[in-house]
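I have placed the structure first, in the form of structure tokens, so that the comments after it can refer back to it.
Starting from 1, each residue takes its place in the sequence as its number.
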Amino acid sequence: MSWITELSKVYDNTIRNDVGEDGNGRPIPMFHTANNASVTILLDESGSFIKADSVDKKDRVTIMPCTESCAARTSGADAYPLCDKLEYVAGNSAKHDMYLALLRAWSESEFAGEKIKAVYKYILSGTLEQDLQDCGIKLEDVKDFIRWEVQIPGDAHPHLWKDESVQKCWIDFYNSPLFEEYVRANFSAKDQQKRIRTTSLNYVDGTHAKIAAYHPAKIRNAGSSAKIISSNDTSNFTFRGRFLTDSEACQISSEATQKAHSALRWLIKKQGVAVGDGLSVVVWNQAGDDFPPLTAGSSDLLPVKSGTADENQKDEDDVLFDFGFDEPEKEEPQGIYSTSSEFASAMNKRLLGYYGDISKPQNIMVMAIKEATPGQGRASIILYRELQNSDMLKALESWHNRLSWYLSYWEKKSEKGGKSKIVHTIGTPSPKTIAECAYGERVKANLVEKTVQRILPCILDGGVIPSDLETQCVRSASNLLAVESYRRDIVLETACAVYKYNHHKEDFKLALEENRTSRDYLFGRLLAVEQQYENAALRKAGQERETNAVRYMQQFSMHPSKTWLMLYKDKLPAYRRHLEPRFVNWFEKQIQDISALFKDDDYMNDKPLSGEFLLGYQCQLKAFRKNTDDSSEENTEE
């Protein structure tokens with residue numbers, strides 16, 4: 001129950017915040033909910049009709065008072081106390097009588113202000129439907145809720161859905177004995193049990209309080225009816241077999257559940273991240289401060305400033321997977337890192353900015369919520385952690401430092417109609433990017449959810465990424481021929497990052513390690529030389545096609561020695577004749593130098609390669625590009 005306690009503290013600490021221009025500056029008050037409104041009715045202080053207006057689509061979300069039972073209504077009849085649908089607010093039906101009885105009880109109580117009394121007087125007049133038609137509003141178009149404005153001289157808040165005094169009046173009335181008297185006077189004994197909250201032991205804090213009969217929905221978004229807490233299924237096995245009644249299974253005070261769910265709903269909307277269709281992840285502290293998503297990659301935490309992506313980087317239609325022998329890049333723009341130490345320093349500063357001074361301890365809460373069936377049924381808390389801010393900082397630093405590798409991503413131009421640009425830097429992929437690397441760009445939403453769910457403990461606890469995910473990422477990057485050209489960099493880099501993370505004890509560097517003599521790393525380097533050897537020849541011949549290095553990459557990963565000998569002896573000679581002798585000699589020397597580093601019989605060992613060969617492959621390609629740029633700079637200086 002600690003998550004309820006922590007969220008209740010957030011509610012208490014933020015409910016007095018400014019609403020903000022977007023209306024999301026604070027949680028919704030307890031015993032209130034948000035629904036879409038179709039029509040606004042304007043009244044004067046005596047309850048006389050002034051006008052009715054249709055609500056603009058951008059302004060339809062309306063905060064309105066509710067009872068626990070009406071907020072949970074689906075097909076059954078249960079009136080809201082103030083704003084409701086046309087079938088409740090007007091007419092001669094049982095639904096209208098229910099609405100009128102609740103509004104009467106409130107308006108005649110000591111907790112009703114002039115505005116509530118004005119609305120009640122107008123409802124008694126029975127002219128709502130005719131007034132709507134007189135204002136040119138068709139009754140069949142009023143499909144959502146009706147909300148109210150009351151103009152009172154000297155009052156600056158005619159909108160009842162924004163009036164804090166109206167909100168407080170409803171909370172006081174709902175918690176008073178007068179509401180219970182209304183229920184007893186208007187409902188049968190069976191229905192009273194659903195509406196009158198009995199006082200009993202609150203499992204959250206051990207006090208005696210009014211126990212909630214229903215718990216709020218609309219947690220992940222306004223269209224979701226899934227609930228975290230529910231024990232109303234008396235015919236199956238929600239609680240039966242362990243307890244005799246639902247109250248034995250779950251007794252949470254009405255105030256605690258309202259505060260906690262309101263705060264959680266607000267936090268998810270403000271700073272949570274939705275993954276797939278049914279998973280949400282949110283991080284918070286008691287003050288309700290902003291925190292970045294736990295599932296963010298470095299491109300989200302350390303974005304390149306808008307419009308600073310290198311103009312010399314290739315466009316979306318060009319082949320990105322083409323390091324070396326190209327034009328030198330301009331000076332790297334701000335936000336792009338060329339060394340792991342630069343990235344680590346920038347990430348540390350950013351995380352310190354979010355998680356504050358670690359000398360002043362505070363709790364950081366992490367929660368992940370999963371809906372079994374998106375938008376309906378039950379929701380479950382699949383992960384909940386409470387960490388000190390210092391521990392959270394260490395966990396995130398470890399995650400980003402261990403996972404850091406070369407990173408490419410698309411940056412949208414700020415100008416309207418501007419082209420996307422590719423950014424090459426050092427960073428970390430997001431869990432979603434890892435899922436797309438493993439299972440393809442068109443991976444199903446539920447598979448992304450499951451992948452992110454499995455990676456979350458790795459971020460918080462420093463555990464290894466599941467081995468099957470690592471294997472799948474390596475397989476995808478070992479078959480780049482099947483990957484769209486514009487995604488090859490991203491897939492290769494993500495696979496390398498995952499492998500490096502899981503094998504961090506081997507201390508792989510973010511640069512070419514010319515003295516590393518492991519078999520897999522060296523075979524990766526040889527494949528990169530083959531790649532550039534062929535690229536240089538194809539450019540010289542004015543041809544554009546896939547290199548044999550890419551075409552045979554998957555086969556190479558399974559049978560490296562056999563495939564390499566075939567590439568070198570059978571495929572490469574046709575390319576040599578397109579190059580000048582000095583270039584041929586240079587490439588041949590690269591091959592000989594790498595081959596000389598193999599130990600014993602490693603060169604002829606044909607067993608499958610691990611993901612380490614991808615690290616050697618990419619680092620060698622990066623080294624070619626760096627050497628080309630350095631040579632170009634020297635020529636310019638001369």
Side-chain angles (χ1 to χ4, degrees), residues 1-20 22-35 61 63-66 68 71-72 161-162 164 167-168 170-171 174-175 202-205 207 209-212 214-230 250 252-274 279-294 354-355 362-371 379-387 389 392:
M1 296 292 183
S2 61
W3 64 273
I4 296 179
T5 302
E6 294 297 338
L7 286 168
S8 296
K9 292 176 182 177
V10 174
Y11 178 92
D12 292 335
N13 291 333
T14 58
I15 191 61
R16 296 301 175 192
N17 289 357
D18 291 334
V19 176
D22 58 358
N24 296 321
R26 64 186 181 194
I28 294 174
M30 57 181 176
F31 309 115
H32 285 71
T33 189
N35 287 308
V61 178
I63 298 174
M64 56 189 68
C66 67
E68 287 181 357
W161 64 94
K162 296 181 180 179
E164 294 182 22
Q167 295 170 355
K168 184 178 184 304
W170 168 250
I171 295 171
Y174 188 56
N175 287 326
N202 176 19
Y203 288 3
V204 174
D205 58 10
T207 62
K210 289 184 176 181
I211 302 302
Y214 296 91
H215 297 273
K218 301 180 181 178
I219 299 166
R220 295 185 61 243
N221 54 65
S224 173
S225 61
K227 293 185 177 183
I228 293 177
I229 304 174
S230 177
C250 180
I252 299 175
S253 74
S254 184
E255 181 175 312
T257 190
Q258 287 284 327
K259 286 183 176 181
H261 282 85
S262 180
L264 179 58
R265 190 184 297 121
W266 174 67
L267 288 167
I268 288 176
K269 184 176 182 179
K270 181 169 73 85
Q271 62 202 49
V273 60
L279 178 65
S280 289
V281 184
V282 64
V283 180
W284 79 89
N285 64 358
Q286 291 182 7
D289 295 329
D290 289 333
F291 289 100
L294 190 64
Y354 282 121
Y355 294 99
Q362 60 170 315
N363 276 354
I364 304 295
M365 277 61 69
V366 181
M367 179 181 285
I369 300 171
K370 177 74 170 70
E371 294 176 352
S380 60
I381 299 174
I382 60 172
L383 181 143
Y384 177 70
R385 300 284 180 86
E386 294 180 13
L387 300 90
N389 55 336
M392 187 70 170

To the nearest 0.5 angstrom, please state how far the [atom1] atom of [X] sits from the [atom2] atom of [Y].
X      : Y      : atom1 : atom2 : value
Ile228 : Ile219 : CD1   : CD1   : 4.0 Å
Met365 : Leu387 : CE    : CG    : 9.5 Å
Ile15  : Met30  : CD1   : CE    : 8.5 Å
Ile4   : Lys259 : CD1   : NZ    : 13.0 Å
Cys66  : Trp170 : SG    : CH2   : 8.0 Å
Asn175 : Lys210 : CG    : NZ    : 5.5 Å

Shortest non-hydrogen contact between [X] and [Y], atoms and distance:
X      : Y      : result
Trp284 : Tyr384 : CH2-CE1, 3.9 Å
Ala34  : Lys218 : O-NZ, 3.2 Å
Ala256 : Val204 : CB-CG2, 4.5 Å
Gly288 : Val10  : CA-CG1, 4.3 Å
Ala209 : Ser253 : CB-CB, 3.8 Å
Ile268 : Ser280 : CG2-OG, 4.3 Å

Keeping [X] on the side-chain end and [Y] on the backbone end, is there a donor-acceptor pair under 3.5 Å?
X      : Y      : answer
Lys227 : Ala72  : no
Arg265 : Ala217 : yes
Gln271 : Asp289 : yes
Trp266 : Ile28  : no
Arg26  : Asp18  : no

Problem - side-chain contact (heavy atoms from CB on, under 4.5 Å) between Val366 and Met392, worked out - result: CA-CA 10 Å; Val366 181; Met392 187 70 170; 3.7 Å; yes

Handout entry: Residue Glu255 excluded, over 12 heavy atoms near CD under 6.0 Å
Key =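 Counting other residues, nucleotides and ligands, CD of Glu255 stays at 12 neighbours or fewer.
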
Completion exercise
Hits for ring pair (Phe, Tyr, Trp, His ring centres under 6.0 Å) against Tyr354, two or more places apart or cross-chain, chain-then-number order -> none

Exercise for the section: Inspect the contact between Glu386 and Lys9 and indicate whether a charged nitrogen and a carboxylate oxygen are less than 4.0 angstrom apart. Expected result: no

Exercise for the section: Could you go through the side-chain contact (heavy atoms from CB on, under 4.5 Å) check for Leu264 and Met367 one step at a time? Expected result: CA-CA 10 Å; Leu264 179 58; Met367 179 181 285; 3.9 Å; yes

Indicate yes or no: at least one non-hydrogen side-chain atom of [X] is less than 4.5 angstrom from one of [Y].
X      : Y      : answer
Pro65  : His32  : yes
Asn389 : Asn285 : no
Tyr11  : Gln258 : no

Practice task
Please work out which of the three classes, parallel, tilted or perpendicular, describes the rings of His215 and His261, given edges at 30° and 60°.
Solution key: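 Judged by the thresholds at 30° and 60°, the geometry between His261 and His215 is tilted.
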
Practice task
Evaluate side-chain contact (heavy atoms from CB on, under 4.5 Å) for Trp161 paired with Met64, printing each intermediate quantity in order.
Solution key: CA-CA 6 Å; Trp161 64 94; Met64 56 189 68; 5.9 Å; no

Practice task
Report the residue from Ile382, Leu383, Leu294 that forms a side chain to side chain contact (heavy atoms under 4.5 Å, CB included) with Val281.
Solution key: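 With Val281 as partner, side chain to side chain contact (heavy atoms under 4.5 Å, CB included) holds for just one option, Leu294.
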
